[in-house]
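Just below is one structure, and these are the notes that go with it.
Protein chains get the first letters and strands the later ones, always in sequence-line order, with residue 1 at the start of each.
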Amino acid sequence: MSATATMQAGMGTATRRGETAVHCKGVTKHYGEGTSKVWALRGIDLEIGAGELTMLVGPSGCGKTTLISVVAGILDRDDGECTVFGRDFTRMSASEKTRFRGENVGFVFQQFNLLPTLTAAENVAVPLMILGKGRSAAVKQGAEMLEKVGLKDKLKSLPSQLSGGQQQRVAIARALVHEPKLIVCDEPTSALDHDTGHVIMRMLKNVALNESRSLVIVTHDARIFEFADKIAKMDDGRIKEVSNGVAEVARRNGGGGGGGAGH
Amino acid sequence: MMSVALKMLVGDKLKYIGLVAGIAFAAMLVVQQAGILVGLAQQTGSFIRDTSQADLWVMESQVRFSQDVLPISDGTLLRTRGIEGVDWAVPMYQGFLKARLEDGTRATMILIGLDDATLMGGPPEMVSGRLADLRTDKAVLIDHDARDTKLKLKRSPRPEGEPAGLRVGDSFAINDVEVRVAGEYRASKSFFWEPVVYTTYSRALQIAPRERKLMTYLMVKVKDGHDKREVAERIRAATGLEARTSDEFIRITADYILTETGILVNFALAVGLGFLVGTLVSGQMLYNFTLDNLRYYGTLKAMGASNLRLVGMVLVQAVVVACIGYGIGLGAGSLLGKVVGDAGLAFSMPWQVPVGGFVAITLCCVIAGLISVIRVLQLEPAVVFRS
C-alpha cells in the first residue's frame with residue numbers, strides 16, 4: 001500500500017470519550033439466495049461512543065456475530081450506513097480495508113485462535129509483524145504487553161502449555177499490542193469458568209478500555225453484563241433494546257432500574 | 001511474517017516430518033532412477049569412450065550403434081589414408097563369436113582385432129601383461145572384471161582355492177581356434193553383456209568365419225589444424241561410408257539403445273511415476289497442511305494480513321519443505337546410487353540430474369502450495385468468528 005493510501009486508511013485524528021466510534025444506521029445483511037435466503041441483519045441502528053464497552057447480547061442466530069463482523073470490516077453489509085471512527089468500509093479498496101483492520105481493529109476470539117506453534121510473546125507480536133515491524137522488535141513489544149496482562153513468566157510458553165484463562169489473556173494482549181481504536185470480542189468468556197471470566201473482563205475493562213478506544217463484545221454470558229457501559233439486545237436481526245449494564249444487572253436481579261434506551 | 005510461516009511449518013513435528021519424508025521419497029526416486037538412466041546411457045558409449053585415440057570412426061552408413069557389426073571393404077583403408085587431413089587410419093575388426101572354455105563351457109563374446117603394427121584402439125588400462133603381448137603366439141587379452149563372471153568355468157569347477165575363471169596363460173578356443181590369455185585389461189563398465197576379448201587384426205581374421213568383407217571400423221586420426229567435420233565430410237564423399245566423431249558415435253549408440261530397446265520409455269515411466277507419486281503425496285500433504293491451518297490464516301487475514309503476504313507465507317513453506325525434502329532425497333538417492341554403482345550396475349549423476357530434480361521437485365511443491373493457497377485466498381476473514 002502507498003503512503004497516501006496508508007494515511008487514508010488510518011485514523012487521522014485522535015478520538016476522545018464521547019465521540020462516535022461506530023455509527024450504524026439501517027444496516028442489513030443476508031446469507032444465501034432464493035429459498036435458502038436468510039436475513040441476518042434487518043436494519044441495525046447502533047451508536048457506540050469512544051471509550052465505551054458495548055455488549056451485543058441475544059439468542060443464537062440473532063445476528064450478533066454478523067454485526068461485529070460488519071463493524072470490524074471483515075464482512076460487507078448489503079445496505080445501510082456504517083462508519084467506524086468516521087470511515088466507511090464500503091468506500092475503501094480491499095487493500096485499504098485490510099490495512100485499516102490491521103492498524104485499528106483488535107480481535108479477541110471465543111477459541112482464542114492463537115497460533116499453536118508460536119510462543120505467547122510471538123503470538124502477541126503477530127499484529128505488529130503484519131504491520132511491518134521486525135520480528136525481534138515485535139516480540140520484545142509483545143513481551144512487554146504480556147507483562148501488562150500478568151503473563152511475564154509465560155513469554156516462551158506455547159498455547160498448549162497455558163490454561164484457558166491464560167490463553168485468553170494472551171489473546172487480549174495480542175488485540176492490544178498495536179494499540180487499535182476498536183476491539184471486537186466474540187464470546188471472550190464462554191470457554192472460561194466464572195472466576196476466570198471475571199478476571200478477563202476486569203482486564204478488558206481496565207487494560208483495554210480507555211477514552212479513545214471502544215470495545216464491542218458479543219456474549220451470551222449474563223454474568224459479565226455488569227462490566228458493560230451499554231448492552232444492545234438483539235433478536236431476529238434487529239436491536240430490540242439498548243440499556244446500560246448496571247440497569248440490566250439490576251433488572252436481572254429483580255431490582256428493576258432505569259437507564260434503558262428503547263430502540 | 002516469514003518467521004511465522006516457518007514456525008507454523010516446523011512447529012507441528014509430525015506433519016512436518018511427513019511432508020519432508022514424502023518429498024524426500026519423491027526426490028530419491030527421481031534422482032536414483034534418472035541416475036541409473038544416465039548411467040546406462042553412458043555405458044552404451046563406454047567402448048567408444050575408452051578407445052579415445054581416434055578422432056573419427058569410419059563405418060557402414062547403416063550402422064546404428066557401436067556393436068552393430070556391418071563390415072566394410074578392406075580397400076577403404078588405403079583410400080581413407082589418402083584423404084587430405086587424415087593423419088593416420090587403422091582397421092578394427094569387431095565380431096560376435098562363440099568361445100569354448102577348457103571345461104566345455106560355451107559363451108558368446110565380442111572379439112576386437114587391433115591393427116597389428118600400432119595396436120591402436122586397445123583397452124584403456126592393463127591389469128596384468130602388456131598390450132604388446134598381443135604380438136605373441138595365439139595371444140588374446142581378457143577383461144579382468146569378466147574373468148570370474150562372464151568367463152567363469154561352469155561344468156567342472158576347479159578345486160577349492162583354484163580360480164573360477166580364466167587366468168593369464170590359460171588357453172581356450174574362439175570359433176574352434178585355440179587362443180591363449182596373454183594379459184588382462186580393465187575397461188569402463190559397458191551396457192553390453194558379452195565379454196570383450198582383444199587380439200590383433202590379422203589373428204582376428206584367422207579366427208573369424210570367412211566373409212567377403214571383415215573390417216568393421218576404420219579408426220582415423222585427423223591432422224592438427226584440420227577440422228574433424230570437414231575431414232569426415234571428405235571421407236564420406238570419397239568412400240561412400242559414414243564417418244563419425246567419437247561424440248556422434250556415442251550419441252547415436254545411446255539414442256538407438258535407449259529408444260529401440262524401450263529402456264528410455266521404461267525409465268522415463270519410472271522417473272515419471274516416482275515424480276507423480278511423490279508430487280501427489282507431497283502435494284496432498286502440503287494442501288492438507290494449509291487446510292489444517294486455514295483457521296489461523298483466517299485469523300491473520302482478519303488481523304490485517306494481506307492476501308499477498310499469506311501467499312508468500314504458503315510459498316515460503318512450500319519452497320523450504322521442498323529444499324529440505326529434496327536435500328534428504330538427493331542424499332539418499334546418491335547413497336543408493338553408490339551402492340548400486342559399487343555392485344557394478346549403471347549409475348551416474350552429472351550436475352544436470354540434481355539440478356533438474358531440484359527444479360522439478362521445487363516446482364511441484366510450489367504448484368501444490370499455489371493450489372492450496374487458493375483456499376486461503378477464498379477464505380472470508382469472517383470465518384474466524386464461526387466456532
TODO: Could you tell me whether the side chain of Ser190(B) and the main chain of Ser46(B) form a donor-acceptor pair under 3.5 Å?
DONE: no

TODO: Answer yes or no: is there a donor N or O on one side and an acceptor on the other, between the side chain of Asp50(B) and the main chain of Ser188(B), under 3.5 Å?
DONE: yes

Task: Donor-acceptor under 3.5 Å (Arg101(A) side chain, Gly73(A) main chain) - done: yes

Open item on the list: Under a 3.5 Å distance rule, please check whether Gln168(A) uses its side chain to pair with a backbone N or O of Phe109(A) as donor and acceptor.
Closed with: yes

Open item on the list: At a 4.5 Å cut-off on heavy atoms, which part of Val126(A) comes close to chain B: side chain, backbone, both, or neither?
Closed with: both

Task: Largest heavy-atom contact set with chain B, pairs under 4.5 Å, which of Glu122(A), Glu187(A), His178(A) - done: Glu122(A)

Task: Contacts with chain A made by residues 306-322 of chain B (heavy-atom distance under 4.5 Å), listed by residue number - done: Ser306(B), Arg309(B)

Task: Any residue of residues 14-38 of chain B which, by heavy atoms, sits under 4.5 Å from chain A - done: none

Open item on the list: Treating Gln110(A) as the side-chain partner and Asp186(A) as the backbone partner, does any N or O pair qualify as donor plus acceptor under 3.5 Å?
Closed with: no

Open item on the list: Regarding Thr28(A) and Asp79(A), do their side chains bring together a donor and an acceptor under 3.5 Å, going by distance alone?
Closed with: no

Task: Engaged part of Leu158(A) at the chain B interface, taking heavy atoms whose separation is under 4.5 Å - done: neither

Task: Note, Val170(A) side chain near Pro159(A) side chain (heavy atom, < 4.5 Å) - done: no

Task: Intermediate values then yes/no, side-chain contact (heavy atoms from CB on, under 4.5 Å), Ser36(A) and Tyr31(A) - done: CA-CA 8 Å; Ser36(A) 60; Tyr31(A) 298 107; over 6 Å; no

- [ ] Drop me the distance from Thr44(B)'s OG1 to Ile257(B)'s CD1, to the nearest 0.5 angstrom.
- [x] 6.5 Å

Open item on the list: Would the distance check show the side chain of Arg42(A) and the main-chain N or O of Gly237(A) forming a donor-acceptor pair, the cut-off being under 3.5 Å?
Closed with: no

Open item on the list: Working to the nearest 0.5 angstrom, can you tell me the gap between Met201(A) CE and Ile217(A) CD1?
Closed with: 3.5 Å

- [ ] Quick one: sort the Phe89(A) and Phe100(A) rings into parallel, tilted or perpendicular, breaks at 30° and 60°.
- [x] perpendicular

Task: Minimum side-chain heavy-atom gap Met349(B)-Leu330(B) below 4.5 Å - done: yes

TODO: Take Ile44(A) and Met234(A) through the side-chain contact (heavy atoms from CB on, under 4.5 Å) test and state the conclusion after the steps.
DONE: CA-CA 9 Å; Ile44(A) 295 289; Met234(A) 291 185 67; 3.7 Å; yes

Task: Sub-4.5 Å side-chain heavy-atom contact between Met303(B) and Phe107(A) - done: yes

TODO: Against chain B, work out which of Ile68(A), Val105(A), Val184(A), Val70(A) has the most heavy-atom pairs shorter than 4.5 Å and name it.
DONE: Ile68(A)

- [ ] Check for a donor-acceptor pair, side chain of Arg49(B) on one end and backbone N or O of Ile250(B) on the other, with a separation under 3.5 Å.
- [x] no

Task: Which of Ala72(A), Pro116(A), Pro127(A) touches chain B most, by non-hydrogen pairs under 4.5 Å - done: Pro116(A)

Task: More than 12 heavy atoms from other groups under 6.0 Å of CD on Glu179(A) - done: no

- [ ] Determine yes or no for a side-chain-to-main-chain donor-acceptor pair under 3.5 angstrom, with Thr362(B) supplying the side chain and Val359(B) the backbone.
- [x] no

Open item on the list: Can you list the residues of residues 284-301 of chain B that sit under 4.5 Å from chain A, counting heavy atoms only?
Closed with: Arg295(B), Tyr296(B), Thr299(B), Leu300(B), Lys301(B)

Open item on the list: With a strict 4.5 Å heavy-atom criterion, list every residue of residues 53-60 of chain A that contacts chain B, or say none.
Closed with: none

Task: Donor-acceptor under 3.5 Å (Gln166(A) side chain, Leu151(A) main chain) - done: no

